[in-house]
Every structure is written in C-alpha cells, then in structure tokens.
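Worksheet for the structure shown next.
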Protein chains: 2
Amino acid sequence: MAVSPAVSPVADAATSKYDIGESMCPYRLVLEHVTSRWGVLVLIELLERPYRFSELRRTIGRVSEKMLTQTLQTLERDGLVHRDAKPVIPPRVDYSLTDLGREAAEQVRGLALWTSERMGDVEKAREAYDARKADSRG
Amino acid sequence: MAVSPAVSPVADAATSKYDIGESMCPYRLVLEHVTSRWGVLVLIELLERPYRFSELRRTIGRVSEKMLTQTLQTLERDGLVHRDAKPVIPPRVDYSLTDLGREAAEQVRGLALWTSERMGDVEKAREAYDARKADSRG
DNA sequence: CGGTATCCCTTTTGATACTG
DNA sequence: CAGTATCAAAAGGGATACCG
C-alpha cells in the first residue's frame, strides 16, 4: 500500500468517494470502536486477563484473523489495548488492557451485563410485538 | 414482501446464504441493537425527553429516514422504545423510552459520557501510535 | 505463531421516489 | 408527517495464500 491510511486498519477499500469516516466528530468514532461487533467482545475478554492472539481468537470464536487483527489494531491505536510482542520464535504476542482501556471495558461490561440480565424481558417484549403485528395483519 | 421477516426490519436482502443473524446467542443481538450506530444516539436523545420522528431526525442529523425507522422499529420490538402514533392528520408519532429502555439508555449514556471525557487521552494515544509507526517505517 | 495482502461476497447504509 | 419500496454505493467480513 502506497499511502498510509492512518485512519483505520481497513486494508481493502483503496477508494472512497468521500471520507465520512474521519469527518464525523471524533468522539463518535471512539464510541464506534468500542461498541463494534468485535471490539465489545475483545474488551470484555481482556478485562478478565491478558490473552495471546490465537487464544483470544479461540475464546471469542467465529472471528476471522483479519477482523481480530483489525479490531486489536484499532483499539491499540486508541490507547485502549497494549500490545506486547516478544521477539521469540515462534512469535508470541500478548494483548492486555491499558488503564484507559480498563475504564472503557468496564463501561462496556456494564452494558453487556445489563443486557444478559434483562434478556428475558426483551424476549417477552419481542413476542408481544410479533403477536401484535401478526394480529393486525389478520 | 411475501413472508414476514419477523426478525429485523431490514427490508432489502431477500436472500441470505446462511442466517448467522439469528443463530447467534440472542444476547449478542440485543447488545448489537443498543450499540448500533444509530441505536446509541437514539437512546441517548430519548433519555432527555420524548421526540417526534422528524424531530429526532433533525436532532441526530445525517441519519436517513430509512435508518431511523429501522432503528426505532428494532428498539421498539426489543421493548426499549415506546411508539405512540396519534390518529391525526397530518400524522404525529411520538417516541419515548420504556422503563427497560431507560435502563439500557443509561448504560449507553455512561459509555458515551466516558468516551467524551476521555477523548483527549485517546487522541494523544493515536498521535503517539502514528508517530511510532511513521518512525518505524523510517 | 502472528500477522499482511487479496479477492470477493454479504450486509449495511443512504438517495430517491412514492403512499396513506 | 411518517413512513415504505427500490436501487446503488459503501462498508464489513471471511477465505485463502503468503511472509517473518
């Protein structure tokens, strides 16, 4: 790749008509990083303890190498995750939360915890909603 | 549309090779709804007060009608948002949080608040990261 | 092992036009 | 006003191959 993206490690798209990405308030961007599909899970797992790359991959499950790499790099760039690459063979890289990352992860965990606690209520609401819909359609 | 989607108000894609969507644990789904790009913003705004559809649209800014509709319907189905459609002409629809939605919104607001407070630290981390990268590339 | 580079399909999002 | 329908663009995400 010629020019440094410097924005996010998304490698593919070389062309983008307009870069909404960085032009939106930067605060929204961080929020999207920590609430991203894999960001949420990575932060919560790392709250438990440090993890190696493939250990994290196994724990989260069904995440591709590419997405995990991308997620970790984004979080590292935001200063939430610390990457510790040991110069050994075979390579060993440990990921852990920074102090900043721990704060973020705790917020995220709060949300995740609330979700699992209230899951039952949500499912009941969904059933009621679907029943109302089915009813109104005859 | 022939068959009822009943899953999510995503209208377009009639075909999907495999439905990962609903096969993942339902808890993850709720989490994705409340942390979704527009879900976060809708919940936070509604925490302030009830809003009408287009009022919400203007307040959030740069959200398409389609996405706002979709987001609101998803949150309504999950029992987080209450939709009050008055049978008047022109139509008037007010959206507000349910008790469950208020709890969710408070969690989300906590995260958003943290993000805006720590934004400075994140930006410093990014600069440091980019500098390290630029440096290591010569 | 821990990545990076590509290719290509899927899902999401937005613009636009239209309806009750 | 508050949506729905449709289409095209963009982003997300996975499979594979390869490198240090």
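Below, chain A is the first sequence line, B the second, and so on; all start at residue 1.
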Distance, rounded to the nearest Å, where L68(A) contributes CG and dG13(D) contributes P: 12 Å
Length of the line joining D84(A):CG and dG2(C):P, which is rounded to integer Å: 12 Å
May I ask you to evaluate whether Q73(A) reaches the phosphate of dT4(C), defined as a side-chain N or O under 4.0 Å from OP1 or OP2? yes
What's P91(A) touching, base or sugar-phosphate or nothing? Going by heavy atoms closer than 4.0 Å. base
Distance in angstrom units between L29(A) CG and dA11(D) P, rounded: 12 Å
Provide, to the nearest angstrom, the distance between the CG atom belonging to L72(B) and the P atom belonging to dT13(C). 14 Å
For dT13(C) and S64(B) - does any side-chain N or O of the residue sit under 4.0 Å from the phosphate oxygens OP1/OP2? no
Group every Ile, Leu, Val, Met, Phe, Trp and Tyr by side-chain heavy-atom contacts under 4.5 Å, then state whether Y95(B) and Y129(A) land in the same group. no
At less than 4.0 Å, is any side-chain N or O atom of R37(A) found next to OP1 or OP2 of dG13(D)? Yes or no. yes
With the side chain of P90(B) defined as its heavy atoms from C-beta on, choose the nearest nucleotide among dC1(D), dG3(C), dA2(D). dC1(D)
Whole angstrom value for the distance that separates C1' of dA11(D) from CD of Q70(A): 10 Å
For residues 110-117 of chain A, tabulate all N or O donor-acceptor pairs below 3.5 Å that involve a side-chain atom, not counting sequence neighbours.
unit_1, atom_1, unit_2, atom_2, d
W114(A), NE1, E103(B), OE1, 2.7
T115(A), OG1, L111(A), O, 2.8
S116(A), OG, L113(A), O, 3.1

Minimum-distance nucleotide to V93(A) side chain [options: dT4(D), dG3(C), dC1(C)]: dG3(C)
Just the rounded figure in Å: distance from P of dA15(C) to CZ of R62(B). 12 Å
Establish, for the pair R49(B) and Y51(B), whether the NZ or CZ atom is under 6.0 angstrom from the six-membered ring centre and no further than 45 degrees off its axis. yes
Ignoring backbone atoms, establish whether R92(A) has a side-chain N or O less than 4.0 Å from OP1 or OP2 of dG2(C). no
Can you figure out which of dG3(D), dC1(D), dT4(C) approaches the side chain of E65(B) most closely? dG3(D)
State whether Y95(B) places a side-chain N or O below 4.0 Å from either non-bridging phosphate oxygen (OP1 or OP2) of dG3(D). yes
Grab the CD-C1' distance between E32(A) and dG12(D) for me, whole Å please. 13 Å
Atom of R92(B), atom of D94(B) and distance for their closest heavy-atom approach: NE-OD2, 3.0 Å
I want to verify a distance call: between dG3(D), dC7(D), dC7(C), whose nearest atom is closest to the K66(A) side chain? dC7(C)
Using a cut-off of strictly less than 4.0 Å, decide whether R52(A) has a side-chain nitrogen or oxygen near OP1 or OP2 of dG2(C). yes
Check ion pair K86(B)-D84(B) (N to O, under 4.0 angstrom): yes
Among dG3(D), dG14(C), dG2(C), which nucleotide has an atom closest to any side-chain atom of M67(B)? dG14(C)
Under-4.0 Å side-chain N/O to phosphate OP1/OP2 contact, R83(A) with dG3(C): yes
